[in-house]
Visitor: 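I am attaching a structure below and will ask some questions about it afterwards.
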Amino acid sequence: MRSRLYLLAIAIFSCVSAQAQTQIQPQTQIQPPLPSPSPQPAPSQQPPPGRSLAANALAAHAGDPTLTLKEAEDLALKRNPQITIGKLQALVSQQNVRESRSALMPNAYLSVTAADSHAGSRITAGALNNPIIFPRAASGVTVSQLITDFGRTNNLLASSEYQAKAADMLAQATAAQIVLAVDQAFFNALETKALVTVAQETVATRQTFVDKIQALTSAKLKSDIDLSFANVDLARGRLLLLEAVNNYEASLNSLSAILGYQDQQNFQPVEEIKDTAPTAPDVNPLVMRALQQRPEVQALTDQVLEAEKFANAEHDLKRPTISALAAAGITPVRSGQPLTDWYGAAGVNINIPLFNGFMFDARAKASDLQTEANRQRLSDLRNNIARDVRNAWQDTNRAYERLSVTRQLREQANLAFDLAQSRYSLGLSSIVEFSQATLQKTEADIESTDAEYQYRLTQIVLAYTMSSPK
């Protein structure tokens, strides 16, 4: 049964080949020879669509300034607006600390008062007040000092200090996120640049092969089918080059934006070669290190402490407030009133809250609930960080194993390409086998290039999740 199917397939293939040859050279033996037409450029000699665009795009970057990873990170830390926003917010929090501390310091202000009134008049309507008014001019100084509010102001001050520490940690977290984004954009640009090189080599190799097949076809040593297959492979290579150049331009746009530029900066990213080493065999120490070092965890921890101190301050609203007040001044104009030309007084005021419609109870309850919400956010953040570290660790291990596999794939694909080329040159195989080997070689080159840069990216992500040097 298998032999019959095999013979049937051979017969079908022979019929298709005969029909193709008939369509390529119809009735060459019956019709008289026609005048030779004007020479037309062969498919391989025609200017390929888009090839000049790719060449011009690559030539435009030939003289661009180089950029290392360290230079890109430093440039982003100076120019990226998010870095400036984080620093400004930290400075705002520091001023809030000064504002809270001011309640513990004396308050002094100068007053200058001048008044005129109708003789013998009194204020007889309105709120409870001193109804006596008389023409006068005076100036004086008033000083007030909080003696104690039984811890409320101190708790507010501690709350603002923890808030300032949290703002500093958030600024550091923002800087780490920007550096991670720069590293990802930088290595994406490196990868797309390397893929452009792979595409260029592919186009050059396939162009050389097409020229060779064109010459052999003109000498009647190869068929037009071989030339068609070769031109198809060349067209695929050109499409690959166009896509690679477009991806490279897009990666430069992303890198320019993260560096703080509005327009595309045509940098030439330069790779710093480092040895590839496997990651740690155990992920648990990495998780513990991340929970200790991540600025987001430290920031949210400070926010929990800030909420606790603020809740204590809200509970202290029910306690008395004791303050001292002193005033002194002169009254040079008294309009004949029995007053001395200077005055001075001092006193102590005790303010005891009795009832305000349960406002203090509501504020204390709201602050307690906010504190518990911050604790839950911290717990959720720790869980997410542990998950991210484990995922990044697994991705790094997989990328490291993928390195050796793709290198073997590239070696075997190159060997298969060389063998297929030799067999085709000797006439021992068809163009289909060689075309398949060419496609496999290109795919292996792309996979190998992608594996190298993906491993570096996974290392960077793992270092970021642990907040440790790359």
Side-chain angles (χ1 to χ4, degrees), residues 80-113 139-176 295-329 346-354 356-378 381:
N80 193 283
Q82 294 297 327
I83 301 295
T84 306
I85 292 173
K87 293 180 179 179
L88 292 176
Q89 290 177 343
L91 293 176
V92 169
S93 299
Q94 294 176 4
Q95 297 304 312
N96 292 336
V97 174
R98 295 183 60 189
E99 179 182 352
S100 299
R101 187 179 290 112
S102 65
L104 299 175
M105 299 180 180
N107 292 327
Y109 56 91
L110 175 66
S111 300
V112 177
T113 302
S139 64
V141 177
T142 304
V143 179
S144 64
Q145 171 65 53
L146 175 67
I147 297 177
T148 179
D149 57 0
F150 298 94
R152 171 172 166 77
T153 301
N154 289 327
N155 284 325
L156 289 175
L157 176 60
S159 175
S160 61
E161 289 175 346
Y162 282 118
Q163 185 179 10
K165 292 180 180 179
D168 289 336
M169 290 296 103
L170 289 177
Q172 295 182 19
T174 301
E296 294 93 336
V297 175
Q298 299 178 22
L300 200 47
T301 301
D302 290 332
Q303 288 179 358
V304 171
L305 296 175
E306 177 263 334
E308 290 177 352
K309 292 296 183 180
F310 184 75
N312 294 336
E314 293 296 275
H315 283 280
D316 292 338
L317 284 171
K318 295 182 179 180
R319 297 183 177 183
T321 300
I322 302 176
S323 58
L325 180 67
V348 176
N349 182 60
I350 300 176
N351 185 19
I352 302 175
L354 295 178
N356 57 4
F358 305 104
M359 181 183 70
F360 290 165
D361 291 335
R363 290 177 60 173
K365 184 63 175 179
S367 61
D368 291 338
L369 294 175
Q370 183 62 46
T371 302
E372 183 60 26
N374 287 350
R375 290 197 186 100
Q376 295 301 321
R377 290 193 186 97
L378 177 60
L381 177 63

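Each residue takes its place number in the sequence, starting with 1.
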Visitor: Give me the atom names and distance for the closest heavy-atom approach of Asp302 to Met169.
Guide: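 What the structure gives for the nearest pair is OD2-CG, 4.1 Å.
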Visitor: Take Val143 and Asn107 through the side-chain contact (heavy atoms from CB on, under 4.5 Å) test and state the conclusion after the steps.
Guide: CA-CA 6 Å; Val143 179; Asn107 292 327; over 6 Å; no
Visitor: Which atom names give the shortest non-hydrogen contact between Ala175 and Ile83, and what distance separates them?
Guide: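 That closest heavy-atom pairing would be CA-CD1, 3.5 Å.
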Visitor: Looking at every non-hydrogen atom in both residues, tell me the closest pair between Ala164 and Val97 and how far apart they are.
Guide: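 Heavy-atom minimum between the residues: CB-CG2, 3.9 Å.
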Visitor: Can you find a side-chain donor-acceptor pair between Glu372 and Gln376 that sits under 3.5 Å?
Guide: yes
Visitor: As an exercise, state the distance from CG of Asn349 to CG of Leu325, rounded to the nearest 0.5 Å.
Guide: 8.0 Å
Visitor: How many angstroms lie between CG in Leu156 and CG in Asn312, if you round to the nearest 0.5 Å?
Guide: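 Reported to 0.5 Å precision, the distance equals 10.0 Å.
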Visitor: Would you check, one step at a time, whether the test side-chain contact (heavy atoms from CB on, under 4.5 Å) holds for Asp368 with His315?
Guide: CA-CA 9 Å; Asp368 291 338; His315 283 280; 3.0 Å; yes
Visitor: If I take atom OG1 from residue Thr371 and atom CG from residue Leu305, how far apart are they, to the nearest 0.5 angstrom?
Guide: 10.0 Å
Visitor: Please step through side-chain contact (heavy atoms from CB on, under 4.5 Å) for the pair Thr174 and Lys87, ending with a clear verdict.
Guide: CA-CA 10 Å; Thr174 301; Lys87 293 180 179 179; over 6 Å; no
Visitor: Side-chain contact test, heavy atoms from C-beta onward, threshold under 4.5 Å: evaluate it for Gln95 versus Val92 and give yes or no.
Guide: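 Side-chain contact under 4.5 Å: no.
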Visitor: Report the C-alpha separation of Leu104 and Asn154 in whole Å, then their side-chain angles, then the decisive distance to 0.1 Å, and conclude whether the side-chain contact (heavy atoms from CB on, under 4.5 Å) test is met.
Guide: CA-CA 8 Å; Leu104 299 175; Asn154 289 327; 3.6 Å; yes
Visitor: Look at Arg377 together with Glu296 and state whether they make a salt bridge at an N to O cut-off of under 4.0 Å.
Guide: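 Salt bridge absent between Arg377 and Glu296.
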Visitor: With rounding to the nearest 0.5 Å, note down the distance linking NZ in Lys365 to CG in Asp361.
Guide: 10.5 Å
Visitor: Using the rule side-chain hydrogen bond (donor to acceptor under 3.5 Å, both in side chains), only one of Ser159, Ser93, Ser160 pairs with Glu306; which is it?
Guide: Ser159
Visitor: Just by modelled atom types, is the Gln298 backbone N or O under 3.5 Å from a matching donor or acceptor in the Gln303 side chain?
Guide: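 Not a single qualifying donor-acceptor pair exists.
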Visitor: For Ala299 versus Ala166, what's the shortest heavy-atom pair and its separation?
Guide: O-CB, 3.4 Å
Visitor: Hey, what do you get for CG (Asn374) to CG (Leu378), rounding to the nearest 0.5 Å?
Guide: 9.0 Å
Visitor: Got a second to check how far Leu170's CG is from Ile85's CD1, nearest 0.5 Å?
Guide: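 The CG atom of Leu170 sits 13.0 Å away from the CD1 atom of Ile85.
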Visitor: Can you give me the closest heavy-atom contact between Arg319 and Phe150, atom names plus distance?
Guide: NH1-O, 2.9 Å
Visitor: Taking the side chain from Thr148 and the backbone from Ile322, do they hold a donor-acceptor pair closer than 3.5 Å?
Guide: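 Between the backbone of Ile322 and the side chain of Thr148 there is no qualifying donor-acceptor contact (under 3.5 Å).
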Visitor: On a heavy-atom basis, which atom in Gln94 and which in Asp168 lie closest, and how many Å separate them?
Guide: NE2-OD1, 4.2 Å
